[in-house]
Amino acid sequence: MSKAEMPFPSVLITGSGSYLPEKVLTNHDLAKMMDTDDEWIRQRTGISQRHIVGDDELTSDMAVHAAHRALEMAGLTASDMDGIIVATTTPDDTFPSTAATVQRKLGASQAFAFDVQAVCAGFIYALDVADAMIKSGKAKKIVVIGAEAFSRILDWNDRSTAVLFGDGAGAVILEASDQAKGWGILSSVIFTDGRFRDILYVDGGPARGKVGTVKMNGQDVFKHAVEKLASGLDQAIKQSGLQENDIDWLVPHQANVRIINYLQKKLKMPDEKVVRTVSRHANTSAASIPLAFDEAMRENRIQNGDVVAFEGIGGGLAWGASIVRIGKPA
Ligand code: UT7
């Protein structure tokens, strides 16, 4: 059979890892820094605390910790990797990519490396790109990492945004397999609507001569989030060939517990099948989904063969969803 006639391989998730910085900032800590209180933050968002990077800690450092743990779970080493894709909005530097630094720190000398910038949807976008690269035969093993030092782009005088975000990293290992039909990434959908770029953005960048801080119209983002995530999930489920009741787990972007609850209801999922980390991690943007996923994997909640729905939305607006059967056939 020629390469062109070969069926697409399955793209399996065979390992996960995550990392949270040591420093924890609680709502009570924030109440000492600005005009806010624990009750408001918990009621409106479900957040109680967030992790914050150390002064010398970089996005690439967190990404490397998460990648090491994911490689270990998959039983692979960095030199086995063909590619590294880092989803981040808070790169170490404007360039080179954070992924290039991660490649150096991991010693993954065979791997191409690049960043994907789709803010809180970054992990879904990176997964989608990696899936396409593996299915097309460009690579067999890719580590996809979501890593963010979001605390570095917050205005600590703006209570409407500063209380919402945190730092961290999560990673998954993707591997090609020709022996695993019906396993791995079953569907993946990504969308962008740039007409809404101004409801969630950073007022900085090379053209402005400063890094800038997050600006958000929370209510507008909230309305788009519930509507767009629901339709994104619908499309991902449809494309996967499965039914809503085949989904074992919802591992959503962790921005606001009220958005998560809405999607839980829509999918008619019981409480124990929805992974919630927002109370302890807050919104870690591109890191939030793989962080939540890895936590549920390591607690042996998500099992080999379970079907997981991932979804995320953020600045752009950019959003997406994917349906994945986790692990590999025995
Ligand atoms: O990952 C990217 C996706 N992002 C999201 O999904 C965020 C989506 N949006 C949200 O989660 C919610 O809109 C927020 C949590 C950001 C805000 O909740 P809300 O229920 O929409 O509150 P609001 O913005 O309408 O503000 C209500 C009140 C205002 O006071 P007044 O005007 O009613 O007197 C705010 O000034 O709450 C006030 N407020 C605060 N009070 C105490 C805003 N931030 C705070 C705060 N502490 N931190």
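In listed order, ligands and their atoms are each counted from 1. Residues: numbered from 1 along the sequence shown.
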Could you pull out, from Arg44, Glu39, Gln254, Gln43, the option with a heavy atom nearest to atom 22 (O) of ligand 1? Arg44
Which residue holds the protein heavy atom closest to atom 5 (C) of ligand 1, what is that atom called, and what is the gap in Å? Val221 CG1, 3.6 Å
Please tell me whether Asp271 and Gln264 have a donor and an acceptor in their side chains that are separated by less than 3.5 angstrom. yes
Which residue supplies the protein heavy atom nearest to atom 6 (O) of ligand 1, what is that atom called, and how far is it? Ile259 CD1, 3.4 Å
Will you find, in the side chains of Arg276 and Asn261, an N or O donor that is under 3.5 Å from an N or O acceptor? yes
Which of His65, Lys105, Gln103 passes side-chain hydrogen bond (donor to acceptor under 3.5 Å, both in side chains) with Ser60? Answer is Lys105
Which residue supplies the protein heavy atom nearest to atom 11 (O) of ligand 1, what is that atom called, and how far is it? Asn256 ND2, 2.6 Å
Which atom names give the shortest non-hydrogen contact between Ala169 and Ala63, and what distance separates them? CB-N, 3.9 Å
Identity and separation of the nearest protein heavy atom to atom 9 (N) of ligand 1: Gly218 O, 3.0 Å
Let's go through Lys141 and Asp80 carefully: what are the C-alpha distance in whole Å and the side-chain angles of both, what is the deciding distance for salt bridge (charged side-chain N to carboxylate O under 4.0 Å, His left out) to 0.1 Å, and is it a yes or a no? CA-CA 7 Å; Lys141 295 184 176 68; Asp80 296 320; over 6 Å; no
For atom 32 (O) of ligand 1, decide whether some protein heavy-atom distance is shorter than 4.0 Å. no
Run the side-chain contact (heavy atoms from CB on, under 4.5 Å) check on Arg301 and Lys273 step by step: do they pass? CA-CA 9 Å; Arg301 295 166 68 201; Lys273 292 294 187 181; over 6 Å; no
Considering only heavy atoms of Ile313, which atoms of ligand 1 have at least one such atom less than 4.0 Å away? 1 (O), 2 (C), 3 (C)
Contact between Ser160 and ligand 1, counting heavy atoms under 4.0 Å? yes
Atoms of ligand 1, numbered as shown, that sit under 4.0 Å from any heavy atom of Thr45: 15 (C)
What verdict does the side-chain hydrogen bond (donor to acceptor under 3.5 Å, both in side chains) test give for Glu148 and Ser285, after you've listed the backbone C-alpha separation in whole Å, the side-chain angles of each residue and the deciding distance to 0.1 Å? CA-CA 7 Å; Glu148 300 279 16; Ser285 184; 2.9 Å; yes
Under-4.0 Å protein heavy-atom contact, atom 29 (C) of ligand 1: no
Which of these passes side-chain hydrogen bond (donor to acceptor under 3.5 Å, both in side chains) with Arg50: Asn27, Asp29, Asp167, Thr26? Asn27
Heavy-atom closest pair (Asn256 atom, Arg44 atom, distance to 0.1 Å) is ND2-O, 2.9 Å
List ligand 1 atoms under 4.0 Å from Val163, heavy atoms only on the residue side. 48 (N)
Under 4.0 Å, heavy-atom basis, I'd like to know which part of Ala225 is in contact with ligand 1: side chain, backbone, both or neither. neither
Test: Asp234 and Lys238 ion pair at under 4.0 Å: no
Could you check whether Lys215 and Thr213, counting side-chain N and O atoms only, form a donor-acceptor pair closer than 3.5 Å? yes
Does any N or O of ligand 1 fall below 3.5 Å from an N or O anywhere on His253, backbone included? yes
Run down the list Phe150, Trp40, Phe222 and name the one with the heavy atom closest to atom 37 (O) of ligand 1. Trp40
min-distance protein heavy atom vs atom 25 (O) of ligand 1 -> Gln219 NE2, 2.5 Å
For atom 38 (C) of ligand 1, the protein heavy atom that lies nearest, with its residue and separation: Arg159 NH2, 3.6 Å
Measure the distance from atom 16 (C) of ligand 1 to every protein heavy atom, then report the residue, atom name and distance (to 0.1 Å) of the closest one. Leu164 CD1, 3.8 Å
Please list, in number order, the atoms of ligand 1 under 4.0 Å from a heavy atom of Cys120. 1 (O), 2 (C)
Using protein heavy atoms only, decide if any is under 4.0 Å from atom 14 (C) of ligand 1. no
Answer with yes or no whether Asn283 contacts ligand 1, where contact means a heavy atom under 4.0 Å from a ligand atom. yes
Indicate whether atom 47 (N) of ligand 1 is within a distance of less than 4.0 angstrom of some protein heavy atom. yes
Quick check on Glu244: does its CD atom have over 12 non-hydrogen neighbours (other residues, nucleotides or ligands) under 6.0 Å away? yes
Output the list of atoms in ligand 1 that are nearer than 4.0 Å to some heavy atom of Thr36, sorted by atom number. 42 (C), 46 (C), 47 (N), 48 (N)
With no hydrogens and no angle check, just 3.5 Å: does a side-chain donor-acceptor pair link Ser188 and Tyr125? no
Sequence neighbours excluded, which residues qualify as ring pair (Phe, Tyr, Trp, His ring centres under 6.0 Å) partners of Tyr262? none
Nearest-neighbour protein heavy atom for atom 18 (O) of ligand 1, which is reported as residue plus atom name and distance: Arg258 NH2, 3.6 Å
